[in-house]
Amino acid sequence: MKSFAFRGLPLFLVLLLAGCQSSQQHSLPPVDDLVVAFRQLDLSLAEERLDDARSQLSTLQQRASRDTRLEQYQRQLAEAYMEQGREALQQGDLDRAAQALGQARSLMPQAPALSHDLNQAIDSARTARLAAAEQQARDAAAKLDAERQEQLRQQRQAAAKAAAAPVAASQPAPVVESKPTARLIDPNAATSSVAMPMLDNQDNENLRRLLDSVAADVVTFRCAVRIEVREAKDYPWVAALLSARIKKLDPSFRPQLSQKIAPQQVPRLLLSPKRS
């Protein structure tokens with residue numbers, strides 16, 4: 001009898017220990033959903049998945065609006081967007097830099113100084129790009145004027161030679177068809193772009209001069225025109241100026257005009273000559 005009791009004791013201890021372990025496992029509290037959510041937010045920030053992080057932060061703000069950690073994460077996400085904007089600016093991608101700046105501002109509207117430097121840098125880059133486009137337009141206009149002067153000089157030389165040469169009554173002078181000359185476009189290209197930076201500066205005088213040359217090319221090469229402007233209100237103004245000049249050159253020609261709104265792009269015209 002005593003031998004049986006000693007042999008049953010180890011089995012009893014094993015069962016007792018297993019029961020205690022099972023009881024401890026069942027008594028462990030479940031992982032808090034908020035803890036999991038904050039861990040996912042940390043992971044998104046670490047992997048620079050900023051849009052995912054913003055969505056996760058928004059969900060947390062709705063679920064735990066009084067959690068003091070949210071403000072820290074909000075600032076951390078805003079600073080990550082600022083860094084993304086600076087990298088985009090270094091790469092010359094102003095649109096992406098502006099989008100990142102907008103995200104940062106919306107996260108920290110009460111701290112405008114946070115985005116001040118990046119905002120100034122984007123404005124400076126846009127100003128420089130606009131100045132470059134204006135210089136390009138001036139260079140193109142100067143080149144056009146030089147070409148016109150050269151054409152006039154050659155025409156005067158040809159007229160002087162013709163006047164000095166004896167007239168042969170029996171041999172009429174051959175008729176030479178002059179090849180149409182483009183002012184701003186490449187007639188052999190499917191589409192040519194003509195920048196209108198003066199529209200941003202409300203420089204109507206230079207805009208009208210530019211459209212004089214554009215209208216000449218439209219009529220000469222029967223171009224379709226797409227007008228790309230920053231705001232919808234600018235399209236009727238440009239279309240009216242261009243249409244008036246086209247009508248003056250050729251009242252019978254009805255230009256094919258279309259529009260595109262591109263807020264982040266320097267205004268321009270896309271001219272597509274008609275293929276013969």
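Numbers for residues simply follow the sequence, beginning at 1. Values reported hereafter were calculated over all heavy atoms of this structure, with side chains retained and with hydrogens, waters and symmetry mates removed.
- D250 has a carboxylate O that lies under 4.0 Å from a charged side-chain N of R222, or vice versa, which qualifies the two as a salt bridge.
- The salt bridge (Lys or Arg N to Asp or Glu O under 4.0 Å) pairs that include a residue from residues 186-202 are D200-R230, where partners are two or more places apart or lie in different chains.
- Using a 4.5 Å heavy-atom cutoff, the side chains of V218 and L249 are not in contact.
- Taking CD of E79 as the reference point, atom CE of M108 lies at 8.0 Å (rounded to 0.5 Å).
- Rounding to the nearest 0.5 Å places CG of L152 at 5.5 Å from CD of Q149.
- Ion pairing between a basic and an acidic side chain is recognised when a charged N comes within 4.0 Å of a carboxylate O; D52 and R49 show such pairing.
- The shortest non-hydrogen separation linking A125 to L89 is CB-CD1, 3.9 Å.
- Residues satisfying the salt bridge (charged side-chain N to carboxylate O under 4.0 Å, His left out) criterion with D212, sequence neighbours excluded, are R245.
- Judged as a side-chain hydrogen bond (donor to acceptor under 3.5 Å, both in side chains), not a single pair has a partner in residues 233-243 (not counting sequence neighbours).
- Of the charged side-chain nitrogens involved, none lies within less than 4.0 Å of a carboxylate oxygen, so that E71 and R75 do not count as a salt-bridged pair.
- Here the closest heavy-atom approach between residue V266 and residue P197 is recorded as CG1-CA, 4.1 Å.
- Closest approach of L60 to A37, counting heavy atoms only: CD2-CB, 3.6 Å.
- For the atom pair L34 CG and D67 CG, the distance stands at 7.0 Å (nearest 0.5 Å).
- Listed by chain and number, the residues in a salt bridge (charged side-chain N to carboxylate O under 4.0 Å, His left out) with D123 amount to none (sequence neighbours excluded).
- Counting heavy atoms of neighbouring residues, nucleotides and ligands inside a 6.0 Å radius, atom CD of Q136 does not exceed 12 of them.
- Evaluation of the salt bridge (charged side-chain N to carboxylate O under 4.0 Å, His left out) rule for R268 yields E228 as partners, not counting sequence neighbours.
- Partners of Q256 according to the side-chain hydrogen bond (donor to acceptor under 3.5 Å, both in side chains) rule, which considers only residues two or more places apart in sequence or in another chain, do not exist here.
- Here R156 pairs with nothing under the salt bridge (charged side-chain N to carboxylate O under 4.0 Å, His left out) rule; sequence neighbours left out.
- With hydrogens and angles ignored, the 3.5 Å screen pairs a side-chain donor or acceptor of T59 with a backbone N or O of S55.
- Proximity of a side-chain donor or acceptor of D217 to a complementary backbone N or O of R183 within less than 3.5 Å is detected.
- A distance of 10.5 Å separates CG in L101 from CZ in R86, rounded to the nearest 0.5 Å.
- Atom CG in D51 sits 7.0 Å away from atom CD in Q84 (nearest 0.5 Å).
- Under a 3.5 Å cut-off, the side chain of N206 and the backbone N or O of M198 do not form any donor-acceptor pair.
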Q. Please walk me through it: do Q103 and Q99 pass side-chain hydrogen bond (donor to acceptor under 3.5 Å, both in side chains)?
A. CA-CA 6 Å; Q103 292 282 15; Q99 290 172 1; over 6 Å; no
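- Q264 places none of its side-chain heavy atoms less than 4.5 Å from the side chain of L94.
- Looking at heavy atoms from C-beta onward, V225 lies out of side-chain contact with L270 at the 4.5 angstrom threshold.
- Under the rule for a ring-ring contact (aromatic ring centres under 6.0 Å, His included), the partners of F38 that lie at least two apart in sequence or sit in another chain are Y73.
- No hydrogens or angles considered: nothing links the side chains of R69 and Q72 as a donor-acceptor pair under 3.5 Å.
- Checked against side-chain hydrogen bond (donor to acceptor under 3.5 Å, both in side chains), T191 has the following partners two or more places apart in sequence or in another chain: S272.
- Take E231 and apply the side-chain hydrogen bond (donor to acceptor under 3.5 Å, both in side chains) test, not counting sequence neighbours, and it matches no residue.
- Among all heavy-atom pairs drawn from R275 and P187, the shortest one is NH1-O, 3.5 Å.
- In this structure, E147 places its CD atom where more than 12 heavy-atom neighbours from other residues, nucleotides or ligands lie under 6.0 Å away.
- With sequence neighbours excluded, no residue forms a side-chain hydrogen bond (donor to acceptor under 3.5 Å, both in side chains) with N204.
- A distance of 11.0 Å separates CD of Q202 from CG of L207, quoted to the nearest 0.5 Å.
- Residue pairs meeting the ring pair (Phe, Tyr, Trp, His ring centres under 6.0 Å) criterion with at least one member in residues 197-218: none, sequence neighbours excluded.
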